[in-house]
Amino acid sequence: MSGIDGKKILLIISGGIAAYKSLELIRLLRKRGCNVTGIVTKGGEQFVTPMSVAALTENPVYTDLWSLKDETEMGHIRLSRECDLILVAPASADMLAKMAHGFASDLASTTLLASDKPVYVAPAMNNKMWDHPATQDNLTLLQSRGITVIGPNEGEMACGEYGLGRMSEPDEIIHAFDGLADVQKPLSGVSALVTSGPTHEPIDPVRFIGNKSSGKQGHAIATALAQYGADVTLVSGPVNLPDPAGVNVIHVQTALEMLEACKNATPCDVAIFAAAVADWSAVTTLTEKIKKRGRRNPPDLQLKENPDILATIARPSRKRPKLVIGFAAETENVVDFAKEKMQSKNCDWIVANNVAENAEDISETQIFGADQNHVYLISADNVEEWPLMQKSNVAEKLCQRIGDAFAQDEILSCPAAAE
Ligand code: CTP
């Protein structure tokens, strides 16, 4: 028995034209020996009938939070507890928003809120709805709580538009489950350190030196590492993101605090430096707000260089993590400059992105704060270009590579500890 075989699945079908695919999904799940129980939302009922779902699952189907018959038996609590996992397919934009914000306004959302089981969502919606920051923020929030997102695919929408938003095909969903289950926690027993976000270097009580980093990529990596079973410490600068589920998060403001927290988190097996650390800090931090002294007399701001956290942790020593992965944000000669950084900072791999080109790829948005990334994974003897993808997918692909490296003992070839 592997993957999804024989599982008790609560399938929530929310409103969207892709709901018709859920009937085929039920058939495939049944073929794999799963016991499927369906909840169909009011929107879902517009596209598939509860009768079809009952007939295919050979189980009662649930639609109503206020069903006297079901709720005398505390139906929504029972449904949320009696399954091995919950799959929401299709997951509409509305359903994702309800899940992200804890709504309990119908049977499906109430059951999800009452559940302590693993939850998987297969989103389906118009491409503009998918791209909307509200949907993307909701997904980031859900993923940070450990919810797994399957798909969506790119293609032609029911409305004729083209883009990301088509629900994954039923066999792809089954395949994704198999993948997730087969690689079941490939990083369990591995300790990981991740830095994320910007640092803020104070000038006076109201001003600081900072940068535009959102922390989305670093947080996605911490989330994925935890999902792969690693024991993760995330050292985060000031960001507007929730703490990822199952991760030990240390909040810092400055580069010096980040360095201290990273030193405390070593030794560890793998360290990933995704933070955009401010390169400089003020020589003196004033305790009173600097007042304007006329146009001709701006303050004379003296800066000093911050310590390089990656280079410090990657130095040969007994505490050096076995695998050190840096990031490189470049605007030209991406691969060459990134390789130089990899050498000068003594890291084993570097994830490089072209911040200027990425901004073009993502059309009108910028890489900072965007939800997608186009990167190169560079190691001593290899350069891999990954196509533009969601930051969560970059994180997952990176975890797979880390898992492979640990499985194949590649990490033993990393620079030896000298101290
Ligand atoms: N980094 C770090 N500490 C610093 C500066 C950078 O740990 N004080 C890490 C980043 O987290 C990243 C890598 O070093 O993993 C490269 O960061 P990047 O900003 O691309 O390069 P810099 O070293 O700052 O050099 P430059 O800005 O001149 O390109």
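For ligands, and for the atoms within them, numbers begin at 1 and follow the listed sequence.
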Note every protein N or O atom lying under 3.5 Å from an N or O atom of ligand 1, pairing the names and giving the distance.
| unit_1 | atom_1 | unit_2 | atom_2 | d |
| --- | --- | --- | --- | --- |
| ligand 1 | 3 (N) | Ile309 | N | 3.0 |
| ligand 1 | 7 (O) | Ile309 | N | 3.4 |
| ligand 1 | 7 (O) | Leu310 | N | 2.8 |
| ligand 1 | 8 (N) | Pro307 | O | 2.9 |
| ligand 1 | 11 (O) | Phe273 | O | 3.3 |
| ligand 1 | 11 (O) | Ala275 | O | 2.7 |
| ligand 1 | 14 (O) | Lys345 | NZ | 2.9 |
| ligand 1 | 15 (O) | Phe273 | O | 2.6 |
| ligand 1 | 15 (O) | Phe327 | N | 2.8 |
| ligand 1 | 15 (O) | Phe327 | O | 3.2 |
| ligand 1 | 20 (O) | Ala329 | N | 3.1 |
| ligand 1 | 20 (O) | Lys341 | NZ | 2.7 |
| ligand 1 | 21 (O) | Lys341 | NZ | 2.9 |
| ligand 1 | 23 (O) | Lys345 | NZ | 2.5 |
| ligand 1 | 24 (O) | Asp279 | OD1 | 3.0 |
| ligand 1 | 29 (O) | Lys341 | NZ | 2.8 |

Below 3.5 Å, can you tabulate the donor-acceptor pairs from side chains in residues 132-147 to any protein atom, sequence neighbours excluded?
| unit_1 | atom_1 | unit_2 | atom_2 | d |
| --- | --- | --- | --- | --- |
| His132 | ND1 | Ala134 | N | 2.9 |
| Thr135 | OG1 | Met129 | O | 2.7 |
| Gln136 | OE1 | Gln390 | NE2 | 3.3 |
| Gln136 | NE2 | Trp130 | O | 2.7 |
| Asn138 | OD1 | His101 | NE2 | 2.8 |
| Asn138 | ND2 | Ala134 | O | 3.2 |
| Thr140 | OG1 | Gln136 | O | 2.9 |
| Ser144 | OG | Leu141 | O | 2.6 |
| Arg145 | NH1 | Ala100 | O | 3.2 |
| Arg145 | NH2 | Ala100 | O | 3.0 |

Taking the six-membered ring for Trp and the full ring for Phe, Tyr or His, determine whether the centres of Phe47 and Tyr20 are under 6.0 Å apart.
no
If you measure only the distance, is there a donor-acceptor pair under 3.5 Å linking the side chains of Asn354 and Glu332?
no
Assess whether a salt bridge exists between Asp269 and Lys322, defined as any Lys/Arg side-chain N lying under 4.0 Å from an Asp/Glu carboxylate O.
yes
Begin from the C-alpha positions of Val53 and Ile13 and carry the test side chain to side chain contact (heavy atoms under 4.5 Å, CB included) through to its verdict.
CA-CA 9 Å; Val53 175; Ile13 301 176; 3.8 Å; yes
Is Lys397 close enough and on-axis enough to Trp386, meaning under 6.0 Å and within 45°, for cation-pi?
yes
